[in-house]
Each structure stands twice: as C-alpha cells, then as structure tokens.
K.L.:
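The structure under discussion is supplied below as structure tokens; questions concerning it will follow.
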Amino acid sequence: MGFKSYCFKKSLWLFHFGGASCNNCDIEILDCLTPRYDLERFGMLLVGSIRHADVLLVNGSINKKDKPRLLEIYEQAPKPVLVVAIGACGCTGGIFAEGNTFAGPVDKIIPVDVYIPGCPPKPEAILAGIVKLLGKN
Amino acid sequence: MSKQTLIPVGPYHPLQEEPELFKLYCDGEIVKDVKWETGYNHRGIEKLAEKKSYDEVFFLVERICGICSTSHPFAFANSVEEIVGVEITNRAKYIRTIIGELERIHSHLLWVGLAGHFLGYNTVFMWAWKYREPVLDLFEMITGNRNSYAMFKVGGVRRDIENQKIPAIEGVLSLVKKKTDLLVGAIMDDPVIHARTKGVGVLTRQDILDFAAVGPTARASGVDIDVRRDDPYAAYPLVNWKVITAEAGDVFAKAEVRLLEMYESISIIEQCLSGLKKEKEGDVDVKVKHIPEGYGTGRTEAPRGEVFHFVVSDGSNSPARHKIRAPSYTNIATFKKSCVGQSISDATISLAAVDPCYCCTERLAVAIDRQSGHRIMNAKEIISHSASITDKLLQHE
Amino acid sequence: MVLNELQKTFAKEILDSEARSERRVTLRIDPAALIPISVHLFRELGFRFIIASALHTKKGFEIYYHYSYDSTGLVLNLHVILDQKKPEIESLSNMFEATNWIEREMHELFGINFLNHPNLEQLLSEGNWATGEYPYRKTFKSNEDVQA
Ligand code: SF4
C-alpha cells in the first residue's frame, strides 16, 4: 500500500468550492447529503474548512476573481489532496467558457483527479464519481 | 472607538451573476454594519447573450440560476413574444404554468430546509429536502432532467406533457400536499421557531418600497405585489388562486408566506392539469420565423420575486442587448436594514430569510483577512452559535 | 390615467412617447428632468423602480429606467439618450436605495458617470477586468478578439 492510498483509506472529508456556477451543481452536491442519497453512509462528510478535508470538490466555471481564491484554497489543503471537477462548467467551462471573465477551466489552474460531467450531474453520478475515486487509489 | 470584529460570510454564494461576500461588522454580539462585495460569480451572461442565437439564449438564461431555472427562460420568452407579437396556444400556456409552479414548490421546500439548517434545526432540513425529491423526479419524468429543464422556446414549449402522465403528476401532488401539511404543522406550532424568528429581521413597508424589494420578501411586509396577478401571463388568468400576504415583515412572516404559497401552487397545477385534458395533445408550438426589430419587456414571478428581462432586437439572429434583473438583486440590498442591530446568530437567519439561494453553507468563510488581523468566525461557528441559542431556548421551555 | 396626469405635469420635459400596449409605455425624456420625474413617480404616484438597462448604440448611450405600476400592471420605461463622448447623468441613489447597485454596475460595464452618487465603488469588476475598461461598450475588444 502506497502512501497515497494509505492516506485515503478511511473516511474522506470533502470541501466544496463553487466558482462562478449556476448553483445547480451546488444544490446537487448538497442533495447528496440528504436522506435519499445519504453520502454520509460512506463516512464522507462535507466540512467547513479545506484544512480538514481530503477531497476538494470544484464546480462552476472559474472567473478571474475566483482564480486566486481557488489557488489559495488548493495551497491550504493538506497534501495529498484529491480534486474533483464537477459539472460541465468544472470540466470545460461549459456554456460560460466564452464569457469575458472566464479564467478556467479548473484543470488549467490546479491538477484534477476526477471529472464528473453533466449539467448538472445527478447525485448518483456524483456519488459514482467519488466512489470511483476511492477505487483509483 | 470600540473594537469591531469582522465576520465574513461568503464569498462563494452563487445566486446570480453576483455572489457576494458579506462582511458583518460586529461589536460584541451586535451587528453594526453590513458591507458586501460581489463579482465572484460574474460570468458576463448579458454579454454572452449577445453572441448567441435566440434559441441558444434559452439554455444560457436557464443557467443563470439553477434553482429558478424556469423563471428566466419564462421571462425571456415573454419578452421575445412581446417583440414578435405572437400568442401561444392554451396547451403551451398550461404547460408553462405547470413547470413554473412545480419549480416554486421545489424552491420553497429547499428554502424551508435551509432556513431550518440556519436555525440549527437539521431535522427540518432533512425532511424538507427529502420531500423535495419527488418533485424533482416529476421534473425528470416530464422534461428529462432534474433541473435546467430546457422546456421553453419562442412560441411555445419544446415538449408536451402527454395526458397519460397526468395521473402520476396528480399522485405526486397529493403526496407533496400531505408533506406540506406536516411541515406547516411542525414549523407554525413550534415554540422554539417562534422564539427564534418572530420579530427578527423586520422589514417595514417603507423599507420594502425604498429598496424596491419583491416577491415573498415584499409580501411578508404587507406589500401586495405579484406579477402573476398584476401583469398576467401564461395561464394565470385562466385559473383561480390568491396572493398570500402577511403583515409582520419578520422572518416568521416570510416563512409563512412561502409555506402557504405552496398550497396555492398545488391548486394552480391541479387546475392546469384539468385544463390540459381539454386541449388537443401535441398542440404546443407556434412557429416563429423571424424576430423583428424592436424591444420587449418580460416579467415573471419567480419563487423569489419578480424576474425582469429587457430584450432589444435589431432584426438579426441574436439579441442586440439583453438586460436581466433577478429578484435577489434588489432583495439582497435589504440586508442593510434587516441585519443591523441584531445579534450575529440572528443575522444568519435574517440573511437566509430573503432566500438568496443560500445553498452554499459549506463554502462560506474562505476569505481570510490577513492584513487587518480581525478575528474571524467562520460559518460553521456562526451556525453552531445559532444552534446553541436554540438549545438555550429549549432548556427554558 | 396616471400617464395623462404625468404627461400634463411634465409636458415640456417629455420629448416623445410610445405606447406599445396598455401595459407597456415608453417616454423619452430630457436627461436633465430625470430627477423631478422620478421623484414624482416614486413619491406621488407610487411607482416601483424595477431596474435600469443601459445600451450602447449609434445614438450614444441610452438608458431605459423601468418602473412598474403594480395596480394596473403597467411597465413604464423612461428613456434617456446620453452623449457618446462623455456619458453622464444625475444619480438617483440619493433618493432611494434601489438604484444604488445598478448605477454602479452601469458605471463599470459602460463607463457611464453618475453624478453625486453616494459611493460609486467597484461592484463586479474588481479582479475581473481592469478599471477604465468597459466590456459592454461596442468598442470593447476582449483578449480573444484581439488575438483573432
Ligand atoms: S455544469 Fe451546468 S448545472 Fe453545473 S454549474 Fe455549470 S451550468 Fe450550472
């Protein structure tokens, strides 16, 4: 077992960063917590500070004002950290990629481990993505 | 000068093009001033709309806000149809209204849940979101997606609601009605919720007029405005319903207005469904070949208040200018009135009471003010502080 | 009703009027008369301010101030045309709060100057584009446009 897989062996804590998104992805992420999907049964927890987190969920297109914040958050994250780009916006910029304030996509700014496409991805898809992430390491 | 503490709430708060960083300046427990900073979510949608064709703009405006993802296409359709001067078919009107009202139900449920969360009442959060799921399933059945439905187009709707789906919709509605009863019972009679929300975050009638606030925020302060009735569109003139208002202007009144509006929405949808049965299936689309020069204004009543679109056409394939005003744009400014003078723990619920798409609880407080070295309290702490006040109240009961 | 009265009171200041329907009326007014007309609409007649839309056209900078008269569902647009070179107009924000943000926004997006605005600070642009650039002007070139 490598060091990285050792780090991610137990319950993962997630931190959610929403850039210039439309809110839908955010809501679907929160939805994962609610009774029907119940993310917490996998020991996962959304936490309020990146310093406690193992996984950084990023959704939404990143605009120029967000970019330094995203970098700062990535820097503050205890390493190793896994980064998940959620939604069409997170993966490519989606419909906002032509905007005049667009600075992303996420993988141009920080390294990304998993992409979960969809606009918005269903909670099932988000769960599947995160579970795959566990298998990957 | 007394020492003031800065508490940032935000910045990631994607409610419109403008998510914000709220800075609460506090002296001890009391909020002295609120400042806001925006621009974190500016995506230049109005500019993007000028590059897209009229058909594509629908998908773009849908993605202004995920929670009210019908109201923007709705207002855009209204304004373009005003330019063209086209009247859509009755069946399309009913379908538009059904989608709009279903969205109101899911949005209000979402708000109730989050408001509960902000009070430290997570049971309400989990319940409300659990009963929101059947509504989203309904959307998936009707439109193929849980959010962002892509139902609207100039001259009608993209998909029909076939008559055979009507019983399933009615089934979900009766379930939602039962669950609304449950939530209303749980919230309206709860002494702790009364204690936490009555007299908190009060906005007077005059404040509402000054800030030009709209929607449930205005209606809870006795300002009786509702675009659905005042400037009717789609099927609203064809059905019976009433505008819910309250007088107190506090957080409780806002909750009351929203909860009671859900019953109205359910009844509107039921009437539309019986209207649908009378119309011919598949007759949902009027062909529009060309959009002439001119300008049009479109208004709809979104769950949070009036959405306003102003479209200028130069006769080409895409809008020459597209101005969008979402309800939160004016509602958020009222924080200046509702929060100042309150304790910090009440400020969160006062902020939430306006329903500024407060989905992003977990992302609050990433801003760190290094230079000033102010003591910073993050959202988690504010919420647990809020929860501890609820606990204290419970012990006194 | 309200409109007739308004047109009588401000016969000189209203340059032009266009009624698309009973519920959609546009009045082109003299920019100098914006404040008295707005005050009258807001204080005397009970209109509600919705929003203002700016546009950049050949005529110069145009602003539509949209007001709503909720008891009849009327949307009244006050239309002003400002100078191409030096667009400026009196701010309404000293009268009511509702215009505060939108004027700041128009200031940033179009570079229209609002005189006597209480705080014409940055609202959206900080970090997103440089001061002095006005992305919604027709003359604006984004980076991609320049490269292309
Ligand atoms: S991917 Fe789609 S749903 Fe998600 S933030 Fe972007 S536009 Fe919204």
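In what follows, every chain begins at residue 1, and chains take the letters A, B, ... in the order their sequences are listed.
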K.L.:
Among all residues two or more places apart in sequence or in another chain, which pass the side-chain contact (heavy atoms from CB on, under 4.5 Å) test with Val114(A)?
P.N.:
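Partners of Val114(A) under the side-chain contact (heavy atoms from CB on, under 4.5 Å) test: Val84(A), Ile116(A), Leu133(A).
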K.L.:
Look at Cys119(A), Gly94(A), Cys89(A), Pro35(A) and state which one has the largest set of heavy-atom pairs under 4.5 Å with chain B.
P.N.:
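Result: the option with the highest number of such pairs is Pro35(A).
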K.L.:
Closest heavy-atom contact between Arg63(B) and Phe96(A)?
P.N.:
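In this case the closest contact between Arg63(B) and Phe96(A) is O-CZ, 3.3 Å.
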K.L.:
If you count heavy-atom pairs under 4.5 Å with chain A, which of Glu56(B), Glu62(B), Met126(B) comes out on top?
P.N.:
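Going by pairs under 4.5 Å, I would pick Met126(B).
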K.L.:
Are side-chain N/O atoms of Ser148(B) and Asn24(A) paired as donor and acceptor at under 3.5 Å?
P.N.:
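Distance-only check passes for Ser148(B) and Asn24(A).
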K.L.:
Atom CG of Asn147(B) and atom CD1 of Ile27(A): how far apart are they, to the nearest 0.5 Å?
P.N.:
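Going from the CG atom of Asn147(B) to the CD1 atom of Ile27(A) covers 8.0 Å.
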K.L.:
Anything in residues 120-129 of chain A with a heavy-atom distance to chain B below 4.5 Å? Please list those residues in order.
P.N.:
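Residues Pro120(A), Lys122(A), Pro123(A) are the ones that qualify, each having a heavy atom under 4.5 Å from chain B.
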K.L.:
Using a 4.5 Å cut-off on heavy atoms from C-beta on, say whether the side chain of Arg132(B) contacts that of Thr34(A).
P.N.:
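Contact flag for Thr34(A)/Arg132(B) side chains = no.
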K.L.:
Are the side chains of Leu30(A) and Trp129(B) in contact, using a 4.5 Å heavy-atom criterion?
P.N.:
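The answer is yes; the side chains approach within 4.5 Å.
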K.L.:
With a 4.0 Å cut-off on N to O distance, would you call Asp31(A) and Lys130(B) a salt bridge?
P.N.:
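Looking at Asp31(A) and Lys130(B), the cut-off is not met.
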K.L.:
If the condition is ring-ring contact (aromatic ring centres under 6.0 Å, His included), which residues does Phe139(B) pass it with, not counting sequence neighbours?
P.N.:
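Once residues adjacent in sequence are excluded, the partners of Phe139(B) under the ring-ring contact (aromatic ring centres under 6.0 Å, His included) criterion are Tyr149(B).
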K.L.:
Who pairs with Asn122(B) by side-chain contact (heavy atoms from CB on, under 4.5 Å), at least two apart in sequence or on another chain?
P.N.:
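If we apply the side-chain contact (heavy atoms from CB on, under 4.5 Å) test to Asn122(B), skipping adjacent residues, the hits are His117(B), Phe125(B).
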